[in-house]
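What follows is one structure encoded as structure tokens, with my remarks underneath.
Indexing begins at 1, ligand by ligand and atom by atom, following the structure's order.
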Amino acid sequence: MTMRSFGLIRQCCNALVRVPLAREKSPVSLPISHLSRSLTTAAEALKITYDEKSEVATMHLCRKPVNGLSLEFITQISIALEKLENERSCRGVIISSGCDNVFCAGLDINEMLRPTPERLEIFWKTLQDMWLQLFTTRLMTVAAITGHCIAGGCLISSACDHRVMAPNFKIGLNEVKLGIVAPFWLVDSVKNLIGYRQTEWSLMKGHLFSSEDALRLGLVDKVVPQDQVVLQAEADMAEWLQVPDSARHLSKTLMRRDTVVRFRSGREADLKTFVNYIPKESIQKTLHSYVESLKSKK
Ligand SMILES: CC/C=C\C/C=C\C/C=C\C=C\CC(=O)SCCNC(=O)CCNC(=O)[C@H](O)C(C)(C)COP(=O)(O)OP(=O)(O)OC[C@H]1O[C@@H](n2cnc3c(N)ncnc32)[C@H](O)[C@@H]1OP(=O)(O)O
């Protein structure tokens with residue numbers, strides 16, 4: 001197998017000074033996070049490899065301990081996606097995790113705790129952009145879900161084209177448990193997979209589905225033992241790439257158009273809601289208690 005890492009991407013990801021490169025906005029300077037805490041450096045957090053033979057890249061999320069989506073991390077993912085999208089030979093990307101038993105625990109909650117208004121706004125815009133990129137990319141996208149996949153984690157997996165998950169983990173939208181509400185575009189992308197009622201019910205309860213239930217409902221496409229998830233994702237990717245790229249991408253565009261149109265017309269209002277809602281004292285209290293409960297479960 002001929003593997004090479006994307007020098008350009010690594011280079012880009014290591015130097016996070018100006019963001020974002022994503023479509024639909026001009027670069028802005030980033031206030032450096034003093035809140036976001038991770039056991040990995042920005043350089044270690046995202047590893048991209050490319051297999052020339054299969055024409056498939058792997059985006060390995062390694063922001064320990066739980067791949068919490070901080071502004072810097074989302075920006076890295078966004079830049080990497082853009083680079084892969086522009087790499088003509090690349091036809092697909094597998095998104096995998098380097099965190100034990102966690103694919104992604106969603107947004108880094110620290111981003112929402114006592115945030116500065118400026119950073120909060122950039123954070124949400126960058127998340128919106130990253131989601132749109134992933135949801136509409138010409139690349140075939142497969143999520144290799146080797147662990148829990150919660151809220152923002154489900155944002156990533158549900159934006160992909162195909163999902164392989166390990167058994168006995170949790171997946172879904174639990175935002176209400178944090179006293180917040182998932183954005184409509186994330187809800188729409190989950191609804192596209194599992195239908196209205198299951199989405200409504202799980203959203204209102206903050207219910208996380210087991211891998212097995214997720215398979216039954218269509219929130220994931222396959223459940224295989226944890227040590228086979230990546231291999232299965234690679235095999236499924238190879239099968240998917242037998243379909244001509246442009247026809248596959250046009251079909252995806254056709255199917256996702258309504259969601260994208262709704263997103264584009266609602267994204268400004270969604271941003272306003274987020275930046276107004278998160279700093280509220282009542283929300284801050286609930287978020288704080290939630291973080292405390294995570295820490296005290298040990
Ligand atoms: C009308 C109003 C409208 C709109 C409002 C606006 C918009 C909505 C806004 C936001 C949408 C948010 C989506 C999200 O993604 S919120 C995040 C949701 N995620 C979670 O709830 C996951 C929480 N984590 C867990 O359940 C577990 O950690 C686990 C199952 C993923 C893993 O369990 P483990 O036992 O393996 O590990 P832990 O010991 O629990 O965790 C290790 C370490 O990591 C910290 N941590 C976990 N998750 C997060 C996180 N999401 N962000 C930051 N930090 C996290 C955890 O506290 C531990 O830290 P310490 O080692 O104790 O310091």
Under 4.0 Å from one or more heavy atoms of Asn174, ligand 1 contributes atoms 18 (C), 20 (C), 21 (O)
Parallel, tilted or perpendicular, judged at 30° and 60°: which one describes the rings of Trp201 and His207?
tilted
Against ligand 1, does Asn101 come closer than 4.0 Å with any heavy atom?
no
What atoms of ligand 1 come within less than 4.0 Å of a heavy atom belonging to Thr273?
3 (C), 4 (C)
Mind checking whether Val66 has an N or O less than 3.5 Å away from an N or O of ligand 1?
no
In terms of heavy-atom contacts, Phe184 and Arg267 come closest through CZ-N, 4.4 Å
In ligand 1, the atoms that come under 4.0 Å of a heavy atom of Gly106 are 15 (O)
Does Tyr290, backbone or side chain, put an N or O under 3.5 Å from an N or O of ligand 1?
yes
Give the numbers and elements of all ligand 1 atoms closer than 4.0 Å to a heavy atom of Leu178.
16 (S), 17 (C), 21 (O)
Quick one: which of Leu173, Leu107, Leu113 has a heavy atom closest to atom 12 (C) of ligand 1?
Leu107
So, regarding Tyr277 and ligand 1 (criterion: nitrogen or oxygen to nitrogen or oxygen, under 3.5 Å), is there a contact or not?
no
So is Ala151 touching ligand 1 or not, going by heavy atoms under 4.0 Å?
yes
Lys295 N/O to ligand 1 N/O under 3.5 Å
yes
Counting each atom of ligand 1 from 1 as listed, which ones have a heavy atom of Ile180 under 4.0 Å away?
9 (C), 10 (C), 11 (C), 12 (C)
Would you mind running through ligand 1 and noting each atom that sits below 4.0 Å from a heavy atom of Gly152?
14 (C), 15 (O)
With distance as the sole criterion, is a donor-acceptor pair present between the side chains of Thr259 and Asn192 under 3.5 Å?
yes
Flag yes if more than 12 heavy atoms outside Asp100 fall under 6.0 Å of its CG atom; otherwise flag no.
no
Heavy-atom distances under 4.0 Å are what count here, so tell me which part of Phe123 touches ligand 1: side chain, backbone, both or neither.
neither
Please report, to 0.1 Å, the donor-acceptor pairs under 3.5 Å made by any side chain of residues 162-169, with sequence neighbours excluded.
{"residue": "His162", "atom": "ND1", "partner": "Trp240", "partner atom": "NE1", "Å": "3.4"}
{"residue": "His162", "atom": "NE2", "partner": "Asp236", "partner atom": "OD2", "Å": "2.8"}
{"residue": "Arg163", "atom": "NE", "partner": "Leu219", "partner atom": "O", "Å": "3.3"}
{"residue": "Arg163", "atom": "NH1", "partner": "Ser157", "partner atom": "O", "Å": "2.7"}
{"residue": "Arg163", "atom": "NH1", "partner": "Cys160", "partner atom": "O", "Å": "2.9"}

Without hydrogens or angle criteria, can the side chains of Ser89 and Glu52 be said to hold a donor-acceptor pair below 3.5 Å?
no
Sub-3.5 Å N/O-N/O distance, Val291 and ligand 1
no
If Ile, Leu, Val, Met, Phe, Trp and Tyr residues are connected whenever their side-chain heavy atoms lie under 4.5 Å apart, and connections chain through other members, are Ile180 and Ile74 in the same group?
yes
Tell me the nearest of Leu127, Val102, Asp108 to atom 53 (C) of ligand 1, using heavy-atom distances.
Asp108
Is it the case that over 12 heavy atoms from other parts of the model lie below 6.0 angstrom from the CD atom of Glu292?
yes
Which atom pairs, one a donor and one an acceptor, fall under 3.5 Å between side chains of residues 241-249 and the rest of the protein, sequence neighbours left out?
{"residue": "Asp245", "atom": "OD1", "partner": "Arg91", "partner atom": "NE", "Å": "3.2"}
{"residue": "Asp245", "atom": "OD1", "partner": "Arg91", "partner atom": "NH2", "Å": "2.9"}
{"residue": "Asp245", "atom": "OD2", "partner": "Arg91", "partner atom": "NE", "Å": "2.9"}
{"residue": "Arg248", "atom": "NH2", "partner": "Arg138", "partner atom": "O", "Å": "3.3"}
{"residue": "His249", "atom": "NE2", "partner": "Thr136", "partner atom": "O", "Å": "3.0"}

For ligand 1 and Pro65, I'd like to know whether there is a polar contact (N/O to N/O, distance under 3.5 Å).
no
So is there a nitrogen or oxygen of Ala105 less than 3.5 Å from a nitrogen or oxygen in ligand 1?
yes
Any Lys/Arg nitrogen of Glu200 or Lys191 sitting under 4.0 Å from an Asp/Glu carboxylate oxygen of the other?
no
Is it true that Trp131 and Phe263 have ring centroids separated by less than 6.0 Å?
yes
